[in-house]
2 protein chains.
Amino acid sequence: MQDILFDFISKYVSLNDEEKNAILSLDLFRSLKKGTILLKEGQRSNESYFVLKGCIRTYYIIDGEEKTTAFFTEMDALTPHCVATKTPSQYYVSCLEDTIVTVSNSDMEVEVNTKFPKFETMCRMLSEELLAKQRLDLDEFKTSSPEQRYLNLLQNRPDLIQRVPQHQLASFLGIKPQSLSRLRARLLEKKS
Amino acid sequence: MQDILFDFISKYVSLNDEEKNAILSLDLFRSLKKGTILLKEGQRSNESYFVLKGCIRTYYIIDGEEKTTAFFTEMDALTPHCVATKTPSQYYVSCLEDTIVTVSNSDMEVEVNTKFPKFETMCRMLSEELLAKQRLDLDEFKTSSPEQRYLNLLQNRPDLIQRVPQHQLASFLGIKPQSLSRLRARLLEKKS
DNA sequence: ACGGCTCGTTCACTTAAGTTAAGAAATACG
DNA sequence: CGTATTTCTTAACTTAAGTGAACGAGCCGT
């Protein structure tokens with residue numbers, strides 16, 4: 001499990017044994033049961049997550065309805081908005097499956113970043129990369145129809161369609177569950 | 001004009017005179033005429049921009065149609081996707097108005113980050129903040145209708161509605177220009 | 001000043017998503 | 001094991017966005 005983390009880190013910086021041990025000594029790993037809520041609307045938090053196994057999602061409750069907007073699976077990192085801005089959270093974060101994550105808090109990060117500038121470099125690179133990637137996601141969402149978005153998801157993250165409940169997928173695609181059902185039926189028609 | 005930059009930086013780190021001079025000596029400032037294209041689809045680039053005055057936008061050409069997806073105005077920073085990933089760009093970047101920006105390239109940034117770790121800290125904080133903020137934008141987009149998105153824009157960035165052509169606003173909102181016209185007409189109806 | 005373009009709006013028509021409701025299927029739980 | 005609850009699908013109807021076309025207004029360059 002640690003290897004997954006170090007493999008990921010090695011994409012950005014190379015760590016020596018001392019540095020690896022420093023990270024391990026922080027005792028970051030945690031196992032979470034399906035359904036565990038990591039963050040609620042209105043709460044403050046300073047915890048960031050990195051998913052080693054499983055899946056966590058973010059969702060809002062708007063007019064009493066759950067609106068799922070993002071899924072984080074293996075090798076995905078999540079720093080909730082409220083952590084970056086020190087404000088109460090606008091959304092919930094919870095485990096869709098039994099999940100293993102690393103949990104870090106901002107105090108730890110400040111400390112590690114100071115001690116190992118290399119680590120800060122990694123965080124900067126990672127954030128910049130995710131920022132650019134997320135921009136593409138937003139652009140793709142803006143420029144395509146629900147049907148195209150579904151087909152795209154089928155291409156790029158087929159695992160999600162298997163492991164995530166339909167109604168959560170629907171709101172992730174920006175539509176209602178009924179529309180997703182219909183859309184899928186329509187696509188099956190077309191194929192045949 | 002320099003003050004705008006230093007005011008912005010001061011939100012993240014405080015610079016002494018030596019550091020400020022180091023930045024000024026890089027000769028970052030540039031004036032661009034309306035219509036200037038900073039980046040084309042397929043091109044590679046290592047330049048990042050920070051808008052001091054004016055407006056730049058990103059757009060795609062899909063099936064021969066321009067799809068505008070983002071606007072960057074005063075105090076906005078843009079590192080195109082292709083810069084972060086060293087790949088050819090998928091979109092265009094161009095000036096909507098006469099614009100004054102700072103331009104930095106990745107080599108410079110590596111150099112400055114090495115010389116002034118403070119600067120790297122700023123970049124990391126900024127990226128993390130933008131990443132979190134952009135996540136909210138995407139979430140808002142997913143969870144609301146075109147009409148709500150328009151009303152939201154009216155609230156949060158009323159200046160855009162004034163300074164940007166309607167058809168570009170439309171694709172920014174994820175709809176066709178005709179739909180935006182209709183939507184606006186509908187809202188005027190409702191008000192009266 | 002003229003002709004050509006782009007831009008915004010409007011209209012009629014098509015298509016797809018939202019809404020409401022009902023029922024079937026799957027899942028959770030005592 | 002059976003009941004309750006959640007989830008998924010289907011259907012009928014409503015609403016809004018997409019499409020194609022036309023028109024007028026403003027802008028550009030010659």
Side-chain angles (χ1 to χ4, degrees), chain A residues 33-37 55 57 59 61-68 71 92 94-98 141-154 160-192, chain B residues 33-37 55 57 59-68 71 92 94-98 141-154 160-191:
Chain A
K33 280 250 172 295
K34 174 176 177 173
T36 305
I37 293 184
C55 180
R57 68 177 173 122
Y59 63 97
I61 295 184
I62 298 176
D63 298 335
E65 285 202 0
E66 244 187 53
K67 306 264 191 181
T68 298
F71 301 102
Y92 294 76
S94 110
C95 296
L96 203 72
E97 307 170 351
D98 289 347
F141 199 92
K142 280 187 181 178
T143 58
S144 50
S145 65
E147 182 173 319
Q148 289 171 308
R149 297 200 285 259
Y150 177 77
L151 292 172
N152 236 308
L153 191 67
L154 213 51
L160 279 188
I161 293 174
Q162 301 309 318
R163 68 207 284 194
V164 169
Q166 297 293 315
H167 66 286
Q168 291 176 14
L169 265 189
S171 66
F172 179 69
L173 293 169
I175 58 179
K176 298 279 140 99
Q178 296 93 318
S179 298
L180 179 56
S181 267
R182 188 168 34 197
L183 190 160
R184 285 159 57 101
R186 210 165 56 221
L187 289 175
L188 280 177
E189 282 277 306
K190 281 191 197 168
K191 252 194 236 169
S192 59
Chain B
K33 280 249 170 297
K34 174 176 176 172
T36 305
I37 293 184
C55 181
R57 69 177 173 121
Y59 63 96
Y60 295 73
I61 294 184
I62 298 175
D63 298 335
E65 286 202 359
E66 243 186 54
K67 304 264 192 180
T68 299
F71 301 102
Y92 294 77
S94 110
C95 297
L96 203 72
E97 307 171 352
D98 289 347
F141 199 91
K142 281 186 181 178
T143 56
S144 51
S145 66
E147 182 172 321
Q148 290 171 309
R149 297 201 284 259
Y150 177 77
L151 291 172
N152 236 309
L153 191 66
L154 212 51
L160 279 188
I161 293 175
Q162 300 309 317
R163 69 207 284 194
V164 169
Q166 296 294 315
H167 66 284
Q168 291 177 13
L169 265 189
S171 66
F172 179 69
L173 292 170
I175 59 178
K176 297 280 140 98
Q178 296 94 319
S179 297
L180 179 55
S181 267
R182 189 168 35 200
L183 190 160
R184 286 158 57 101
R186 210 166 56 221
L187 289 176
L188 280 177
E189 282 278 306
K190 281 192 198 169
K191 253 195 235 169

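Proteins get letters first, then strands, A, B, ... in listed order; numbering begins at 1 in each.
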Quick one: CG on B/Leu169 to CZ on B/Phe71, what's the gap to the nearest 0.5 Å? 5.5 Å
Parallel, tilted or perpendicular for A/Tyr59 and A/Tyr92, by the 30°/60° rule? parallel
Which nucleotide in D/dA17, D/dT19, C/dT9 has an atom nearest any side-chain atom of B/Ser179: D/dA17
Under 4.0 Å between a side-chain N or O of B/Arg186 and OP1 or OP2 of D/dA17? yes
Closer than 3.5 angstrom, by distance alone: can the side chain of A/Lys142 be matched with the main-chain N or O of B/Gly174 as a donor-acceptor pair? no
Please state whether the base of D/dG18 and the side chain of B/Arg182 form at least one donor-acceptor pair under 3.5 Å? yes
Counting just side-chain N and O atoms, does B/His167 come under 4.0 Å of either OP1 or OP2 of C/dT6? no
Whole-Å gap separating C1' (D/dT9) and CD1 (A/Ile175): 14 Å
Atom CZ of A/Arg184 and atom P of C/dA17 are separated, to the nearest Å, by 14 Å
Spacing between A/Glu189 atom CD and C/dA16 atom P, to the nearest angstrom: 12 Å
Measure from CG on B/Leu188 to C1' on C/dG8 and round the result to the nearest Å. 14 Å
A/Leu183 CG - D/dT9 P separation (whole Å): 11 Å
B/Glu147 atom CD is separated from C/dA17 atom P, nearest whole Å, by 18 Å
Taken to the nearest whole Å, CD/A/Gln178 to C1'/D/dT7 is 11 Å
Atom CG of A/Asp63 and atom C1' of C/dT20 are separated, to the nearest Å, by 16 Å
Measuring from atom OG of B/Ser171 to atom CZ of B/Arg57, what distance do you get when rounded to the nearest 0.5 angstrom? 8.0 Å
Presence of B/Ser181 side-chain N/O under 4.0 Å of C/dT9 phosphate oxygens OP1/OP2: yes
